[in-house]
Engineer: 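This is the structure I have questions about; it appears just below.
Below, chain A is the first sequence line, B the second, and so on; all start at residue 1.
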Protein chains: 2
Amino acid sequence: MPPVLDDDLDTVFAALGDRTRMAIISRLARGEATVGELAEPFDLTHQAVSRHVGILRRCGLVSQRVDGQRRPCRLDVERLGELAGWIGEQQRAWESRLDRLEDHLAAVRKDRA
Amino acid sequence: MPPVLDDDLDTVFAALGDRTRMAIISRLARGEATVGELAEPFDLTHQAVSRHVGILRRCGLVSQRVDGQRRPCRLDVERLGELAGWIGEQQRAWESRLDRLEDHLAAVRKDRA
DNA sequence: CCCTTGCGCAAGGAGTTGGTTGCAGACGCC
DNA sequence: GGCGTCTGCAACCAACTCCTTGCGCAAGGG
């Protein structure tokens, strides 16, 4: 099962809509970590963290490689970039709307002159 | 009740973790719209959309002003910017990690010479 | 070969989400 | 004042989320 290639950005947003998973991502941004290492700072069972990692993996934010019995997790920054891209689009759309508004105001001022 | 000022970024991510709400945000990025206008493109009852707007309002992504019996919604881009900021932090942390790795490799190369 | 360690799957239960319908308040028009 | 429109709240229900416990399986160390 591929880690989902569609632009299911909503699943990525949903995955980050949880403090624990946000913290996991922050941790992984500082470097690879095994599931056990990820679980340590939390007051959660191992399996709960394993599940969170599964969710992050399924939405494409995290990948895992196999190293003996360990399964180090790695952040997929590209996926984060897609999120940032979507947000940027909205911001740009909003700003271009403001531009249009300014154009309009400029036109009005010119008209009045 | 203030629209929440904390950095509850997880609530913002959670709010965007829904296609309908992503679409609403996209719509609002193109300009103000009333709840009725927002509801139109969806195959949903009016109240369902009203609820989605409430969620977006509570997490600080959307604000509403009163215009007679209408309640035009406005995107709060600044809040979007906070999201983008968090994502950017993670990306930078990741990249600086790569930098450190490169430094390490450089040190190794130097050592070998 | 056994035992421990690291990890994931399955089942079950409390809580939350997202939908609906029904009702009520505020405004505009006649 | 009386009526239709725009909107939000309350109640209810199906579906999902997140946690836990229990089990299974593969890898390494004695």
Engineer: At under 4.0 Å between heavy atoms, what does B:His46 touch on the DNA or RNA strands: base, sugar-phosphate, or nothing?
Structural biologist: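 Since a base atom lies under 4.0 Å of B:His46, the category is base.
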
Engineer: How about B:Glu89: does its CD atom have over 12 heavy atoms from other parts shown lying under 6.0 Å from it?
Structural biologist: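 Count over threshold, so yes.
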
Engineer: To the nearest Å, how far apart are A:Leu44 CG and C:dC7 C1'?
Structural biologist: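 Rounded to whole Å, this separation is 16 Å.
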
Engineer: OP1 or OP2 of C:dG6 sitting under 4.0 Å from any side-chain N/O of A:Thr34?
Structural biologist: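 Looking at the OP1 and OP2 atoms of C:dG6, neither is under 4.0 Å from any side-chain N or O of A:Thr34.
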
Engineer: Check the distance between D:dT5's P and B:Asp67's CG and give it to me in whole angstrom.
Structural biologist: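 So the CG-P distance, B:Asp67 to D:dT5, works out to 18 Å.
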
Engineer: Does A:Gln47 have a side-chain nitrogen or oxygen under 4.0 Å from the phosphate oxygens OP1 or OP2 of D:dC18?
Structural biologist: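 No, outside the criterion.
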
Engineer: Between C1' on D:dG8 and CZ on B:Arg71, what's the gap in Å once rounded to a whole number?
Structural biologist: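 Result: 8 Å.
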
Engineer: Between A:Arg70 and A:Arg51, who's closer to the 5' end of DNA chain C by nearest nucleotide?
Structural biologist: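 That would be A:Arg70.
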
Engineer: As a test of reading the structure: which of C:dC7, C:dT21, D:dC19 is closest to the side chain of A:Ala48, going by heavy atoms?
Structural biologist: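 Of C:dC7, C:dT21, D:dC19, D:dC19 is nearest to the side chain of A:Ala48.
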
Engineer: Whole angstrom is fine here: how far is it from CG in B:Asp10 over to P in C:dT16?
Structural biologist: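 For the pair B:Asp10 CG and C:dT16 P, the rounded distance is 14 Å.
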
Engineer: Please confirm whether the shortest side-chain N or O distance from A:His52 to OP1 or OP2 of D:dC19 is below 4.0 Å.
Structural biologist: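 True: A:His52 side-chain N/O within range (under 4.0 Å) of D:dC19 OP1/OP2.
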
Engineer: Please give, in whole Å, the distance from D:dC16 P to A:Asp18 CG?
Structural biologist: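 My rounded result for the distance is 18 Å.
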
Engineer: From CD of A:Gln69 over to P of D:dA26, roughly how many Å is that when rounded to an integer?
Structural biologist: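 So the two atoms are 13 Å apart, to the nearest Å.
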
Engineer: Has A:Gln64 got a side-chain N or O lying under 4.0 Å from the OP1 or OP2 atom of C:dG8?
Structural biologist: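 So the side-chain polar atoms of A:Gln64 do come within 4.0 Å of the phosphate oxygens OP1 or OP2 of C:dG8, strictly under.
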
Engineer: Can you confirm whether B:Arg27 is buried at CZ, in the sense that more than 12 heavy atoms of other residues, nucleotides or ligands lie under 6.0 Å from that atom?
Structural biologist: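 Check passes, neighbour count above 12.
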
Engineer: Whether the B:Arg57 and B:Gln64 side chains hold a donor-acceptor pair (N or O, under 3.5 Å, no angle test) is what I'd like checked.
Structural biologist: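 Short answer, yes.
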
Engineer: Nearest-Å distance, CD1 (B:Ile24) to P (D:dT7)?
Structural biologist: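 My rounded result for the distance is 13 Å.
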
Engineer: For D:dG8, does either OP1 or OP2 sit under 4.0 Å from a side-chain N or O belonging to B:Ser50?
Structural biologist: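 Yes, such a contact exists.
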
Engineer: Would you say B:Arg79's side chain and B:Cys59's backbone share a donor-acceptor pair under 3.5 angstrom?
Structural biologist: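 Answer holds: yes.
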
Engineer: Would you indicate what B:Arg19 reaches in the nucleic acid, counting non-hydrogen atoms under 4.0 angstrom: base, sugar-phosphate, or nothing?
Structural biologist: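 Since no nucleic acid heavy atom lies under 4.0 Å of B:Arg19, the category is nothing.
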
Engineer: Is a donor-acceptor pair below 3.5 Å formed from side chain A:Glu37 to base C:dG6, judging by atom type as modelled?
Structural biologist: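 For A:Glu37, whose side chain was compared with the base of C:dG6, there is no donor-acceptor pair (under 3.5 Å).
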
Engineer: Checking all strands, does A:Ile55 fall into the base, sugar-phosphate, or nothing category for heavy-atom contacts under 4.0 angstrom?
Structural biologist: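 The answer is sugar-phosphate, as A:Ile55 gets under 4.0 Å only of primed atoms, P, OP1 or OP2.
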
Engineer: Is the backbone N or O of A:Thr34 less than 3.5 Å from a side-chain atom of A:Glu37, with the two atoms forming a donor-acceptor pair by type?
Structural biologist: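 Present.
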
Engineer: Using whole Å, report how far CZ of B:Arg58 lies from P of C:dT16.
Structural biologist: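 Result: 14 Å.
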
